There are 2 protein chains.
Amino acid sequence: MVDKSVATRAQIVTAADRLFYQHGFEHTSFTAIAEAVRISRGNFYYYFKTKDEILAAVIEERLAATREMLRRWEASDPAGRIRSFIRIVVTNGPDIQRYGCPVGTLTTELAKVEHPSRPAAVALFTLFREWLAEQFTALGRGADADALALHVLALSQGIATLSHAFGDDDFVRREVASLETWLATVIDRPEGNRCSSFC
Amino acid sequence: MVDKSVATRAQIVTAADRLFYQHGFEHTSFTAIAEAVRISRGNFYYYFKTKDEILAAVIEERLAATREMLRRWEASDPAGRIRSFIRIVVTNGPDIQRYGCPVGTLTTELAKVEHPSRPAAVALFTLFREWLAEQFTALGRGADADALALHVLALSQGIATLSHAFGDDDFVRREVASLETWLATVIDRPEGNRCSSFC
DNA sequence: GTCTATAAGGAGATAGAC
DNA sequence: GTCTATCTCCTTATAGAC
């Protein structure tokens with residue numbers, strides 16, 4: 001039955017997505033995924049021949065979900081879109097505090113084990129990077145849009161990593177507030193009049 | 001022979017340190033460490049009863065090495081010390097591009113697998129955090145020294161993560177230059193006159 | 001202190017019945 | 001489509017000779 005097949009496959013991807021995020025790719029076993037979906041390990045291989053295939057499907061799923069999120073954010077103006085991004089670390093605060101950034105932690109893990117899907121994971125970063133650069137360009141900062149995008153991305157990554165390590169809510173809120181203030185000054189100020197390259 | 005025992009043990013810790021950094025703790029097997037030190041797997045257990053014991057020794061070693069590095073930096077004035085920290089991502093640029101930040105990647109991995117040594121790894125972060133806060137206090141920013149320390153730590157983490165993901169040298173240099181400029185303004189400026197909470 | 005041999009368990013992956 | 005049974009490989013860890 002095609003419908004059932006599609007549904008079970010989607011359940012596997014959803015469960016694997018969550019477990020890879022919470023416990024890491026390598027640390028998540030077939031047994032753990034099978035138990036989460038409530039199917040046998042054998043049935044598993046009807047849908048995915050290898051563990052790497054599941055990972056590829058999970059990354060595809062995350063790419064699609066991220067594109068959909070960015071699409072929803074386009075309801076705001078460019079400055080509001082960037083603020084939506086900046087606020088992720090607050091919006092998803094509890095998850096990030098427990099498990100870190102889903103993009104950063106996956107990319108790092110796959111790099112350490114030299115996994116073939118590493119470039120696909122980096123593409124998640126690239127998606128945010130290019131989308132942020134577009135917003136800065138729309139705000140009249142086309143000349144250094146990519147640099148500004150990377151700056152926002154880097155600080156968000158750092159906030160996520162330290163939130164994960166220290167579990168300090170105040171720190172996250174403080175950094176996000178500061179980054180939003182920075183954003184406001186970056187947008188309004190002409191290029192020659194800044195306190196630093198990014199300000 | 002005690003001397004030999006000490007030397008072999010140190011070699012194991014050094015090799016494990018490097019391999020844990022390059023390939024991750026879980027992905028590094030006893031076999032890999034034993035081959036690196038050129039001893040048999042059996043001999044291995046004469047020095048360490050479990051893999052977790054090696055990890056604990058590696059973290060202790062990293063803590064000691066970090067304290068020693070911070071001690072050397074004390075030859076500079078407080079502002080110079082903070083600049084030494086900021087420049088790590090350039091000084092260790094190639095390693096960080098390949099393997100990420102040794103502190104951040106280890107802490108994240110241990111959290112995902114809920115490893116008992118996770119708090120010890122976080123202590124590495126705390127060491128930098130408190131040392132940075134001391135320097136900001138010495139610069140007359142005692143009121144928000146910890147917040148400033150966390151800010152520098154967070155941005156450095158983010159730079160390391162993106163350097164690892166994208167392998168972009170220019171980005172790293174740009175961010176470090178910007179952070180150094182920021183540092184100069186933060187030190188000189190009275191508390192009321194800033195373009196953002198940190199500037 | 002160092003070695004070889006081996007135990008015990010878990011992983012990914014396969015075969016074939018239903 | 002789903003299952004049980006099984007295979008193979010690799011891991012950590014142990015026992016005991018030298």
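Residue numbering restarts at 1 for every chain, and letters A, B, ... go by the order of the sequence lines. Scope of the values below: all heavy atoms of this structure, side chains included, with no hydrogens, waters or symmetry mates. Remember, predicted model here, so these are calculated numbers, not experimental data.
For the pair B/Gly42 and A/Thr50, nearest-nucleotide mapping onto DNA chain C gives the more 5' position to B/Gly42.
By the 6.0 Å contact criterion, CD on B/Glu114 is open, its count of non-hydrogen atoms from other residues, nucleotides or ligands being 12 or less.
Looking at B/Gln135 and B/Trp73, their side chains never bring a donor and an acceptor atom within 3.5 Å of each other. Judged by distance alone, the side chains of B/Gln97 and B/His164 never bring a donor and an acceptor atom under 3.5 Å apart.
Heavy atoms of B/Tyr47 sit under 4.0 angstrom from primed sugar atoms or phosphate atoms, though from no base atom. Backbone-only engagement by A/Phe30 is indicated by non-hydrogen atom pairs under 4.0 Å involving sugar-phosphate atoms exclusively. Residue contacts shown for B/Ser40 include a base, since a base heavy atom lies under 4.0 Å away.
Between A/Phe44 and A/Phe30, the ring centre distance stays below 6.0 Å. Remark: aromatic rings of A/Phe128 and A/Phe85 are close, center separation under 6.0 Å.
Listed nucleotides D/dT4, C/dG1, D/dA13 differ in distance to B/Arg41; the shortest reach to its side chain belongs to D/dA13. Between C/dT2, C/dG12, D/dA13, one nucleotide has an atom nearer to the side chain of A/Tyr45 than all others, and that is C/dG12. Nearest to the side-chain atoms of B/Ser29 among the listed nucleotides D/dT12, C/dG12, C/dG1 stands D/dT12. Taking only side-chain atoms of B/Thr31, from C-beta outward, the nucleotide of D/dC3, C/dT2, D/dT11 with the closest atom is D/dT11.
A/Glu53 has its CD atom 14 Å from the P atom of C/dG12, to the nearest Å. Atoms CD1 (A/Ile54) and P (C/dA13) sit 8 Å apart, rounded to a whole Å. Rounded to whole Å, atom P of C/dG12 lies 8 Å from atom CZ of A/Phe25. To the nearest angstrom, P of D/dT12 lies 8 Å from CD1 of B/Ile33. Whole-Å rounding puts the B/Phe48 CZ to D/dT14 P distance at 15 Å. Taking atom CG on B/Asp52 and atom P on D/dT11, their separation rounds to 17 Å, with Å as the unit. Distance, B/Phe44 CZ to C/dT4 P: 15 Å, rounded to whole Å. Between the NZ atom of A/Lys49 and the C1' atom of C/dT14 there is a distance of 13 Å, given to the nearest Å.
Using a 4.0 Å cut-off, some side-chain N or O of A/Asn43 falls inside it from OP1 or OP2 of D/dC3. Residue A/Tyr46 places none of its side-chain N or O atoms closer than 4.0 Å to OP1 or OP2 of D/dT2.
Geometrically, B/Arg18 does not engage B/Tyr99 in a cation-pi contact defined by less than 6.0 Å to the ring centre and at most 45° from the axis. Remark: A/Lys51 is positioned above the aromatic ring of A/Phe25, its terminal NZ or CZ atom under 6.0 angstrom from the ring centre and at most 45 degrees off the axis. A cation-pi contact, defined as under 6.0 Å to the ring centre and within 45° of the axis, is absent between B/Arg98 and B/Tyr21.
Taken over five-pair windows at either terminus, the axes of the helix from C/dG1-D/dC18 to C/dC18-D/dG1 are inclined to one another by 10° (rounded to 10 degrees).
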